[in-house]
Structure formats: C-alpha cells, structure tokens
Amino acid sequence: MNLEQVDKKYLLHTYARNYVNFKRGTNATLFDEKGDDYIDFTSGIGVVSVGHGNRRLADTICEQAKNIIHISNLYLIEPQALLARKLVELSGYDMRLFFANSGAEANEGAIKIARKYGEVDGEVKRYKIITLKYSFHGRTITALKATGQEAMHTYFGPFPDGFVYAESIEEIESLIDDHTVAVMIELVQGEGGVEPQDKEKVQALSKMLKEKDVLLIVDEVQTGIYRTGELLASNLYEIEPDIITLAKGLGGGVPIGAIMTNLKDIFKPGDHGSTFGGNYLSCAAANEVIDILEEEKSDGTLDERIIYFEERLKEIERDYPHLFEKSVGLGLMRGLRARSSDILSAVVKKSFEKRVLVLKAGRNTVRFLPPLTIFKEEMAEGIKRFRSALDEI
Ligand SMILES: *Cc1c(COP(=O)(O)O)cnc(C)c1O
C-alpha cells in the first residue's frame, strides 16, 4: 500500500484531502517529496502564524520539551502566567484568562461563562445566546449549535437549547428578550466569506449590549493574534468585549486556545477545567509567537506586508473582473469574492496545480491566510503563480 491508500484505509474520511506529501517547510514555502516548492497562502488555516520551520519557535519548543512539557493545572505554570499577563498588557483589556486546546473548546468555555452569568437566584434565568447566520464557532456539539449555518447541524441533534440566529448585526437588537444573556460574533467571518463587519455598526451593537447588560463575546479564534494587523480585531474595532476567544494563530501550530474575560471572578474552583489546557509546552510556544509578532508589528514590517498583499489582490480584482466581484478582508486575512462557486472551485484547483495554496470560504470566496512573517519575495512569487492559474480559467 502506498501512503495515500494507508490514509484512506485507516482514517475517517472527514476531509476532501489533497494527496501531496509535504516533507519540509521554511516560512511560507513548502516542499513535497519530489522537492517541488509550494507557496503557502493558508498557513494551515491561519495557524502557522510565524511560518514553517521558524527557528526561534522551534528552539523554544525544543528547550521546553527537554525540561517540563506538562504538569497539570493543579500547580503554578510559569509560562501560562506570563502568557496571560502578556495578552492582557498588549490588548489593553482589564481581563483574566483561561487556557484550552482549540477554538471550539475556548468557545465552549465562553458559553459556560455566559450561562453562569445568566444564573441569578430567584430571577428569570438568562441563557439565550444570539449568533450570526453565517458564523462558524467550531465542531463540538454546542459550538456547532452556536454556528448559525443550519446545513452543518444535519445528523447531530438533539442540541443544547438557547441559540438564536440573526441575519445581520442590525437584526440582533430585535431578537433580544428577557432570556438573552449574550451575543457572540466574529468581526471578520472566517469560514463565512471573509467579509469584515462594519465598524460603526459593531460599536453601536457593543454600546446597546452594555446598556441592556447582555454580554458581548467576540470569537477571535481566526482574527486574533495580529491576523488583522492588530493583536486583536477587537482592538482594531475599538470595542471592549466581555469575552474574547483565541486559538488558531496563538501557538504557531502547537494546539492552544484561550478565553479572555472581564468577568474576572465568574468561575470558582471546580466550575471549569482542562487537562492539557495551558501546559508548559503550548504556553512557551505562544509566548515566543507573540514576541516574534510583536517585534514585527512594532518595527512596521507587518504593516508593510499587509499593504503589499492588499495592493496585489486589488490589482487582481481589477485585472480579472470576469472572475471576481471584489476583494475583501482585513490585515492578512483576505478574500477574493468569485462570481460563482464553480469559479471558486476552479481557482482553488488550478492554484494547487501551479503550486500556490489557497483556501475556500463560504460558497464563493477564495481565502488567503498567509503566515504573518511571509517574505515579500514569497508573496510576489505566490501572486505570480496565482495569476498564471487565473489565466487558464
Ligand atoms: C477555526 C475556528 C473555530 C474552531 O476552532 P478549532 O480549533 O477548529 O476548534 C472557531 N471559531 C472560528 C472563528 C474559527 O475560525
């Protein structure tokens, strides 16, 4: 059996997988077993934020692994405490953190915080959470129910109660009732099509929710950790959410999720927990990732890359109007809205043939999530290949 056959025989078929075998990576470039190079505009779905084969990150992980990897949350974990302080100080939010292992798990914890907040003795229990119709919040049963895309709910019910879906930010207010405790949104819907929410509308929502004592949960699993150009998209939108969730880019590929909240005393020992969450290894990695990205943000390198990439996509929008309606997104989370889902499929397939990796989002968006450390030469080469793919459609 070759490796493709082994994969198909022994793994559940949850992904429409491309059978390329990557052997080596350096920043935004991957090499397959034949030594052919691919430009990676996906960074493992927004995860490998400091690129493949990053020496600083690898050395940190290696040093930590040679010492303590894991010890459980029953004891003090130095890199966990330092990581929490770093995220609070850099974000400017007066919050405390809890560490988990993934985006879905961080969102589950956020939902538990909201449910506990809604538990007031002797009064109406507030438990409803409003989310958006084209949202994506994860694959566990509750995170899936929080995800407004009903097509994804097939087969998996019955689900926990209390999720209500709004068509848009504007519609949220009309859905609030005596049982509503929270609203959960992405500021740029990742899986939903890479369309940034309107800043004024989000600020108005945030203000209205504060007046009504309804919590604002911002799912920054994809937008967080400099993906949109700031540490958090919430910083960019100049809002103060009650709960923020993080995951994808935080560990540079090491699994980690986080919940940040201003409800500093919501949990008592025993209310929530995680065996692996926040261990030495993942927190050491995340500390290094943030240090690397913070340096690149401070010296202007990250902003230069963002401008360069955005300009190249605007040129593609202008040069291929028969394929694309518009370019969308923020920072290095960008999309090209294709004129049809057939065009989208053709673009992704042709790009792969030209050895540039891109993603789909929603029904008709080509999504780009390059490593935040991508070199200008890698961007230029990837764009060149992408254009040659488009020329053949
Ligand atoms: C990817 C993603 C999730 C789920 O994260 P997992 O780590 O796969 O559980 C949740 N919310 C958003 C916005 C995401 O992009």
Side-chain angles (χ1 to χ4, degrees), residues 12 14-15 41-49 98-114 129-149 152-153 156 163 165-166 169 182-197 202 216-228 231-234 236-237 241 243-260 274 276-279 282 285-286 289 328-335 358-362 365 367-370 372:
L12 291 177
T14 45
Y15 290 91
F41 283 164
T42 75
S43 56
I45 321 194
V47 166
V48 190
S49 47
F98 174 86
F99 289 100
N101 307 286
S102 67
E105 194 191 345
N107 286 337
E108 292 273 340
I111 291 164
K112 279 178 74 177
I113 291 175
I129 296 173
I130 302 171
T131 68
L132 293 174
K133 192 131 175 232
Y134 296 100
S135 56
F136 181 79
H137 299 297
R139 300 285 190 166
T140 58
I141 288 286
T142 305
L144 195 58
K145 187 61 180 171
T147 295
Q149 305 176 54
M152 294 178 75
H153 300 166
F156 303 118
F163 290 93
Y165 310 121
I169 296 278
V183 167
M184 176 150 86
I185 58 168
E186 297 155 87
L187 293 172
V188 186
Q189 290 188 332
E191 308 304 311
V194 206
E195 184 81 40
Q197 297 292 356
V202 170
L216 176 59
I217 306 172
V218 179
D219 178 345
E220 294 229 33
V221 168
Q222 194 159 150
T223 55
I225 316 301
Y226 298 100
R227 182 51 64 185
T228 66
L231 177 75
L232 302 173
S234 297
L236 198 63
Y237 277 72
I243 306 172
I244 296 168
T245 54
L246 300 169
K248 289 193 166 84
L250 180 55
V254 178
I256 184 169
I259 308 165
M260 306 179 65
S274 169
F276 293 116
N279 78 14
S282 61
V289 165
V328 289
L330 284 175
L332 285 178
M333 181 172 182
R334 308 216 73 97
V358 297
L359 295 161
K360 290 183 181 181
T365 307
R367 181 170 41 149
F368 303 84
L369 297 171
L372 303 177

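First listed ligand is number 1; within each ligand, the first listed atom is number 1.
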Inset, instruction - For A100 and A106, work out which heavy atoms get closest and say how close. - result: CB-N, 4.2 Å
Inset, instruction - Please say whether more than 12 non-hydrogen atoms of neighbouring residues, nucleotides or ligands are located less than 6.0 Å from CZ in F276. - result: no
Inset, instruction - Heavy-atom contacts with Q222 under 4.0 Å: which atoms of ligand 1 show up? List them by number with element. - result: 15 (O)
Inset, instruction - Indicate whether atom 8 (O) of ligand 1 is within a distance of less than 4.0 angstrom of some protein heavy atom. - result: no
Inset, instruction - Could you tell me which atoms of ligand 1, counted from 1 in the order shown, lie closer than 4.0 angstrom to a heavy atom of H137? - result: 10 (C), 11 (N)
Inset, instruction - State whether the number of non-hydrogen atoms from other residues, nucleotides or ligands found under 6.0 Å of F163 atom CZ is greater than 12. - result: yes
Inset, instruction - Give the atoms of ligand 1, by number and element, whose distance to some non-hydrogen atom of N107 is under 4.0 Å. - result: 10 (C), 11 (N)
Legend entry - Contact check: A104 vs ligand 1, nitrogen or oxygen atoms, below 3.5 angstrom: yes
Legend entry - Protein residue, atom and distance nearest to atom 1 (C) of ligand 1, heavy-atom basis: K248 NZ, 1.4 Å
Inset, instruction - Provide the number and element of each atom of ligand 1 under 4.0 Å from a heavy atom of E186. - result: 13 (C)
Inset, instruction - Show your reasoning for whether salt bridge (Lys or Arg N to Asp or Glu O under 4.0 Å) applies to R367 and E191. - result: CA-CA 9 Å; R367 181 170 41 149; E191 308 304 311; 3.1 Å; yes
Inset, instruction - Report yes if A247 has an N/O atom closer than 3.5 Å to an N/O atom of ligand 1; otherwise report no. - result: no
Legend entry - Flag, side chain of N107 to backbone of A143, donor-acceptor distance under 3.5 Å: no
Inset, instruction - Please confirm whether the backbone N or O of L372 pairs with a side-chain atom of S49, one donor and one acceptor, at under 3.5 Å? - result: no
Legend entry - Exercise: do T140 and E108 side chains pair donor with acceptor under 3.5 Å: yes
Legend entry - Y226 OH to L332 CG distance, which is reported to the nearest 0.5 Å: 14.0 Å
Legend entry - atom 5 (O) of ligand 1 [closest protein heavy-atom partner, distance rounded to 0.1 Å]: G103 CA, 3.3 Å
Inset, instruction - Enumerate the atoms of ligand 1 whose separation from the nearest heavy atom of D219 is less than 4.0 angstrom. - result: 10 (C), 11 (N), 12 (C), 13 (C)
Inset, instruction - Check whether any N or O atom of V221, backbone or side chain, sits under 3.5 Å from an N or O atom of ligand 1, and answer yes or no. - result: no
Legend entry - Any S102 heavy atom less than 4.0 Å from ligand 1: yes
